[in-house]
Participant: 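This is the structure I have questions about; it appears just below.
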Amino acid sequence: IGVGIEMDLGDNTIFIDLEGDSKSGLTFKSGESELRNGNVVDKSAIGGSYGYNAVTVKDSGSKLEVTDITISQYISSVNQYNYGIRSLSGAELVLGSNTVINELSEGSGNLGLNVGVALLGDGVSTTKLTIDGATINTSGFAIAGNGSSDGTEIRFLSGTATSTEAVAVY
């Protein structure tokens with residue numbers, strides 16, 4: 001999505017099932033956007049796939065505010081990561097009230113490999129995450145970033161970030 005939009009799901013669910021080179025279900029890459037009021041379920045990891053993002057916000061000048069949304073990903077059966085949300089290259093992500101990021105199980109999966117939120121800076125613009133009333137509960141890192149050397153900033157105002165199999169914040 002190359003412009004700022006307001007995406008109200010109206011209590012409905014978007015199902016994502018990616019294959020091959022398509023790695024992100026919803027990508028916000030310009031302007032200020034809102035995602036609210038529903039569910040996003042990423043089924044891409046069923047059958048052993050990996051490297052998928054249910055939601056991505058990227059590039060300097062992009063901002064995504066998420067409220068009243070549950071983002072769920074299935075656990076992959078292979079030893080690779082999947083991501084609820086990735087914020088990249090100077091983007092800003094705000095996880096507001098009643099936002100839940102979690103994982104679902106479809107048979108046997110590798111616990112510890114679903115990341116709730118990943119922040120990756122580009123060394124030029126600061127990639128920002130603000131948690132204000134959200135709940136992140138995954139077996140992998142709840143929040144993973146590549147640190148201040150590449151320009152990431154995490155603000156935790158309220159909510160929880162929990163990992164059952166790894167450190168919560170990496």
Side-chain angles (χ1 to χ4, degrees), residues 1-59 62-89 91-96 98-120 127 129 131 134-146 161-166 168 170:
I1 302 170
V3 296
I5 65 165
E6 293 182 19
M7 185 179 286
D8 187 329
L9 299 183
D11 284 325
N12 291 299
T13 300
I14 293 176
F15 290 97
I16 298 167
D17 194 2
L18 302 168
E19 294 180 4
D21 292 336
S22 297
K23 295 294 184 182
S24 183
L26 297 172
T27 300
F28 298 87
K29 58 183 182 177
S30 184
E32 294 190 13
S33 296
E34 294 180 33
L35 177 62
R36 64 178 179 268
N37 192 24
N39 301 287
V40 176
V41 177
D42 187 352
K43 299 168 35 173
S44 303
I46 295 175
S49 296
Y50 61 88
Y52 295 106
N53 315 310
V55 177
T56 301
V57 57
K58 66 180 192 174
D59 298 333
S62 296
K63 179 178 181 180
L64 176 62
E65 294 189 39
V66 183
T67 55
D68 296 313
I69 287 282
T70 297
I71 297 172
S72 304
Q73 277 195 311
Y74 281 90
I75 298 169
S76 179
S77 61
V78 298
N79 195 24
Q80 298 289 336
Y81 290 106
N82 288 299
Y83 305 89
I85 301 180
R86 286 184 87 171
S87 186
L88 310 168
S89 303
E92 182 175 353
L93 174 62
V94 178
L95 301 179
N98 300 313
T99 296
V100 176
I101 299 173
N102 63 18
E103 60 192 16
L104 304 170
S105 179
E106 175 83 6
S108 64
N110 287 320
L111 294 177
L113 295 175
N114 274 25
V115 175
V117 178
L119 300 174
L120 301 171
T127 303
L129 168 64
I131 299 172
T135 300
I136 304 169
N137 189 10
T138 60
S139 62
F141 311 120
I143 302 167
N146 61 349
T162 305
S163 170
T164 60
E165 303 290 325
Y170 177 77

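Below, each value reflects all heavy atoms present in this structure, side chains not excepted, and no hydrogens, waters or symmetry copies. Fair warning: this is a prediction, and the values are worked out from it, not measured in the lab. Numbering of residues begins at 1 and proceeds along the displayed sequence.
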Participant: Between T138 and V115, what is the shortest heavy-atom contact and its length?
Facilitator: CG2-C, 4.4 Å
Participant: Can you tell me how far apart CG (L18) and NZ (K43) are? Round to the nearest 0.5 Å.
Facilitator: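 If we round to the nearest 0.5 Å, L18:CG and K43:NZ are 11.5 Å apart.
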Participant: Quick check: does any side chain N or O of Q73 sit under 3.5 Å from a backbone N or O of Y83, one acting as donor and the other as acceptor?
Facilitator: yes
Participant: Is the shortest side-chain heavy-atom distance between D42 and N82 below 4.5 Å?
Facilitator: no
Participant: Taking only Lys NZ, Arg NE, NH1 and NH2, and the carboxylate oxygens of Asp or Glu, determine whether E6 and R36 approach each other closer than 4.0 Å.
Facilitator: yes
Participant: Is it true that S89 and D59 share a donor-acceptor pair across their side chains at a distance under 3.5 Å?
Facilitator: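 Result is no, nothing qualifies.
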Participant: About how many Å separate NZ of K58 and CG of L93, when rounded to the nearest 0.5 Å?
Facilitator: 15.0 Å
Participant: Applying the side chain to side chain contact (heavy atoms under 4.5 Å, CB included) test to E65, which of V57, V94, L95, T99 qualifies?
Facilitator: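 For E65, the side chain to side chain contact (heavy atoms under 4.5 Å, CB included) test succeeds with only one of V57, V94, L95, T99, which is V94.
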Participant: On a heavy-atom basis, which atom in A54 and which in V40 lie closest, and how many Å separate them?
Facilitator: CB-CG1, 4.4 Å
Participant: For a side chain to side chain contact (heavy atoms under 4.5 Å, CB included) with I101, tell me which candidate from I69, T135, I85, T70 qualifies.
Facilitator: I85
Participant: Exactly one of S24, S87, S62 should register a side chain to side chain donor-acceptor pair (under 3.5 Å) with T56. Which one does?
Facilitator: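 Exactly one option meets the side chain to side chain donor-acceptor pair (under 3.5 Å) with T56, and it is S24.
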Participant: CG of N53 to CG of L88: how many Å apart, nearest 0.5 Å?
Facilitator: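 Here the rounded value is 7.5 Å.
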Participant: Quick check against the 3.5 Å criterion: does S163 have a side-chain atom that pairs as donor or acceptor with the backbone of G140?
Facilitator: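 Such a contact is found between S163 side chain and G140 backbone.
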Participant: To the nearest 0.5 Å, tell me how far F28 CZ sits from E34 CD.
Facilitator: 10.5 Å
Participant: May I ask you to test the I16-V41 pair for a side-chain heavy-atom distance under 4.5 Å?
Facilitator: no
Participant: Nearest 0.5 Å please: distance from the OG1 atom of T27 over to the CZ atom of R86.
Facilitator: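 T27 atom OG1 to R86 atom CZ measures 11.0 Å (nearest 0.5 Å).
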Participant: Once you round to the nearest 0.5 Å, how far does CG of L35 lie from OG1 of T67?
Facilitator: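 Going from the CG atom of L35 to the OG1 atom of T67 covers 8.0 Å.
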Participant: Measure the shortest side-chain to side-chain distance between S30 and V3 over non-hydrogen atoms and say whether it is less than 4.5 angstrom.
Facilitator: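 Not touching, per the 4.5 Å side-chain cut-off.
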Participant: Kindly indicate, with the supporting measurements, whether the criterion side chain to side chain contact (heavy atoms under 4.5 Å, CB included) is fulfilled by L9 and D68.
Facilitator: CA-CA 10 Å; L9 299 183; D68 296 313; over 6 Å; no
Participant: Is a donor on one side and an acceptor on the other found under 3.5 Å between the side chain of S33 and the backbone of I5?
Facilitator: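 Yes.
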Participant: For side chain to side chain contact (heavy atoms under 4.5 Å, CB included), just list the numbers for I136 and I131, CA-CA rounded to whole Å, side-chain angles, deciding distance to a tenth of an Å, and then say yes or no.
Facilitator: CA-CA 10 Å; I136 304 169; I131 299 172; 4.1 Å; yes
Participant: If every non-hydrogen atom of G84 is compared with every non-hydrogen atom of I71, which pair is closest and at what distance?
Facilitator: O-CG2, 4.0 Å
